[in-house]
Every structure is written in structure tokens, then in C-alpha cells.
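Structure record follows, encoded as C-alpha cells.
Numbering of ligands and ligand atoms starts at 1, following listing order.
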Amino acid sequence: MKTVLVLNGPNLNLLGTREPQVYGSTTLADLEALCRRRCEARGFALDFRQSNHEGVLVDAIHEAGQRQAAGTLAGVVLNAGAYTHTSIALHDAVKGTGVVMIEVHLSNVHAREAFRHHSFLSPVAAGVIVGLGAEGYALAIDALAARVAAA
Ligand code: DQA
């Protein structure tokens, strides 16, 4: 059974209380439960993580790259939070490992402040899902299932 790594970046631990008008009332635990259900439905194991630290996220992507190369990982669903808009290190980690990564954002970043319009991750993503809330994570898992089935 392949694993999906769902990797969440800074401040996503605050979901549920953080700017509810933007992010809604869904907590990180709710998101994990949703991802777990969808992974079970698609025959995947789930590895769900959150970190506020850029280097920890880089290390997780390196580990994911090794698991992908070994054939035990379907890919990474990455919501890097604000690091999306700043992190060349995360861009390089995805590019350098060749991991299959789907970029997800709960909010529609393109309808928000201009500084959220640029992503360092989109050029190295297999796909991008924005603005669909928690459902975006489930759709990203579906997309990884479709890739695995097609391979
Ligand atoms: C976010 C959008 C980012 O701009 C922001 O910094 C976040 C969350 C989203 O899921 O909508 O932390 O990635």
C-alpha cells in the first residue's frame, strides 16, 4: 500500500480559530480526519504532518523523495502556508527530489493580497488546487490516486 504525505506549513495548526472569515471553522484535526477517510477510500495510507519551521518541511520533502523513489509513496499534498510565497528552499527541495507534489491552498490566494499571488511552488507542482477549502485536500488525494492508477 502506498502512502500519501499531507504536509502543512506555518500557522495551519491554528485552523479553526485563525481568521475564520477566510479559513472557516475546520480544524487541522478535522482536515486530518477528512484526508484519512479519502486515503482509506483510495487504498492509501496517510502520513499527516504540520510544522511551523521551513527546514523541517524541507527535511520532510527529502524523506518523501526517498519514499517515492522506493515506490512506497504516491506523492505529497503540500499546503506550505506563507512559505509558498517566500521559499526557494521548498521549491528546490521538490525539484531536487523529483517528488510528485500537489500544491493546495484552502483560500483562493488569487482573490487576496497581491503578495499571495506568486507561488515558488507552482512551477514544481504536478497540479495546484486553490480556494476549495478542505475539499481541496481530498481532491488532491484523488489526483494522486489517478496518477498511480495511470502509471
Ligand atoms: C494558505 C494561503 C497562504 O497565503 C497563507 O499564508 C496560509 C494559508 C491557504 O491555505 O489558503 O497560511 O496556504
- [ ] Could you tell me whether Val109 and ligand 1 have an N or O pair separated by under 3.5 Å?
- [x] no
Task: Protein heavy atom at shortest distance from atom 3 (C) of ligand 1 - done: His85 NE2, 3.5 Å
Open item on the list: Side chain, backbone, both or neither: which applies to Asn11 and ligand 1 if a contact is any heavy-atom pair less than 4.0 Å apart?
Closed with: neither
- [ ] Specify side chain, backbone, both or neither for Arg116, according to which of its non-hydrogen atoms lie closer than 4.0 Å to ligand 1.
- [x] side chain
- [ ] For Tyr83 and ligand 1, answer yes if some heavy atom of the residue is under 4.0 Å from a ligand atom, otherwise no.
- [x] no
- [ ] Just do the salt bridge (Lys or Arg N to Asp or Glu O under 4.0 Å) check on Glu40 and Arg36 with the steps written out, would you?
- [x] CA-CA 6 Å; Glu40 275 167 16; Arg36 195 164 302 284; 5.6 Å; no
Open item on the list: Between His118 and Phe120, does the ring pair (Phe, Tyr, Trp, His ring centres under 6.0 Å) criterion hold? Intermediate values first, please.
Closed with: CA-CA 7 Å; His118 178 261; Phe120 281 103; 4.6 Å; yes
Task: Test item, Asn79 contacting ligand 1 (heavy atom, 4.0 angstrom) - done: yes
TODO: Return yes if a side-chain donor-acceptor contact under 3.5 Å exists between Asn8 and Tyr137, otherwise no.
DONE: yes
TODO: Take Arg49 and Glu32, measure what salt bridge (Lys or Arg N to Asp or Glu O under 4.0 Å) needs, and give me the verdict at the end.
DONE: CA-CA 9 Å; Arg49 304 187 200 181; Glu32 181 171 3; over 6 Å; no
Open item on the list: Does only the side chain of Arg18 get under 4.0 Å from ligand 1, or the backbone, or both, or neither? Count heavy atoms.
Closed with: side chain
Task: Donor-acceptor contact present, side-chain Gln68 to main-chain Val100, <3.5 Å - done: yes
Open item on the list: I'd like to check whether Ala82 has a polar contact with ligand 1, where a contact means an N/O of the residue lying under 3.5 Å from an N/O of the ligand.
Closed with: yes
Task: His85/Tyr83 aromatic ring centres below 6.0 Å - done: no
Task: Geometric N/O contact Thr84 with ligand 1, under 3.5 angstrom - done: no
